[in-house]
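Note that ligands are numbered from 1 as they come in the structure, with each ligand's atoms numbered from 1 the same way.
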Amino acid sequence: MIVAIDGPSGSGKSSVAREVARRCDLTYLDTGAMYRSVAHACLERGVDPADDAGTAEVARDLRIEFASCGDGQRVLAGGEDVTAQIRTPEVERAVSPVSANPAVREAMVAEQRRFGEAGDVIAEGRDVGTVVFPNADVKVFLSASPEARARRRAVQREGGDLARGVDAAVDAEAERAVLEDLVRRDAYDSSRAASPLRPADDAVRIDSSELSFDEVVQAVIALSPELSARAERGRR
Ligand code: DC
């Protein structure tokens, strides 16, 4: 089966997808990590993120793999472990123009579909339900208010994790900066010409602003009898 989860940054879709993968024995595909890996490789090779021909060549050439390790997953690009490097502010800045390039998207979507051929995948991103897997068995569009998302991100940066009930002290100025950055990225992701962020017509929308992490995970699993059965089998 294929499960597609899309939504804006900070909606909690990565943590939710990872947890549903664990409970329902699905392989987790982080499509954002793939765009980040391309952006990182461009920076390493001195390719300008705004150079469409250059970034497309990097995307077509780069071999991106996921390796499970313990409870987590490592991202390998060209054989190099880039798990930490793809989360830096430099990559964060470069990934928007890189992921707006249709030729880069074409290369990534082809890879993602190959990944899906193995079956039993939960993929997470911006266009998974609309473009990558339009026939996915379950489609979710996970959102949350910009304020709720900014708060989660800001707490995360201070070592907390609101999804798990771990709060952390956050400077109001820092939180406002995170909010501004989120709103800017949302606008960019939703207004770009190539695969803008939007819910698939047949996606179930879940707003996580007022829900706990566990409630969101349960709501996703409850959407499909097959997911529920898989989670039940996992509990035994
Ligand atoms: O989900 P994330 O923050 O790791 O995504 C990183 C960037 O990649 C973000 O700017 C949006 C883009 N992205 C995309 O365009 N399409 C996807 N399927 C996933 C991510």
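- Look at Arg149 and Asp186 and you find a salt bridge, because one of the NZ, NE, NH1 or NH2 atoms lies within 4.0 Å of a carboxylate O, short of that distance.
- Counting only heavy atoms of the protein, atom 10 (O) of ligand 1 lies nearest to Arg185 NH1, 3.5 Å.
- Lys13 counts as a contact of ligand 1, since one of its heavy atoms falls under 4.0 Å from the ligand.
- Looking at atom 7 (C) of ligand 1, its nearest protein heavy atom turns out to be Val95 CG2, 3.6 Å.
- Taking a 4.0 Å cut-off on heavy atoms, Glu92 fails to register as neighbouring ligand 1.
- At a heavy-atom distance under 4.0 Å, only side-chain atoms of Asp189, from C-beta outward, approach ligand 1.
- Take Asp202 and apply the side-chain hydrogen bond (donor to acceptor under 3.5 Å, both in side chains) test, not counting sequence neighbours, and it matches Lys139.
- Polar contact check, Asp127 against ligand 1: a nitrogen or oxygen pair lies under 3.5 Å apart.
- Using a cut-off of 4.0 Å between Lys/Arg side-chain N and Asp/Glu carboxylate O, Asp30 and Arg87 are scored as salt-bridged.
- Each salt bridge (Lys or Arg N to Asp or Glu O under 4.0 Å) pair with one or both residues in residues 52-62, not counting sequence neighbours, appears once here: Arg45-Asp61.
- At the top of the distance list for atom 19 (C) of ligand 1, counting protein heavy atoms only, stands Thr31 OG1, 3.4 Å.
- Nearest to atom 6 (C) of ligand 1 among the protein's heavy atoms is Arg36 NE, 3.6 Å.
- Ion pair Glu117/Arg114 not flagged as a salt bridge, since none of the NZ, NE, NH1 or NH2 atoms sits closer than 4.0 Å to an Asp/Glu carboxylate oxygen.
- With respect to atom 20 (C) of ligand 1, the closest heavy atom belonging to the protein is Gly32 CA, 3.5 Å.
- Between the side chain of Arg230 and the backbone N or O of Asp25, at least one donor-acceptor pair lies under 3.5 Å.
- No side-chain donor-acceptor contact under 3.5 Å links Asp189 to the backbone of Leu197.
- Between Arg105 and ligand 1, a contact under 3.5 Å exists for at least one N or O pair.
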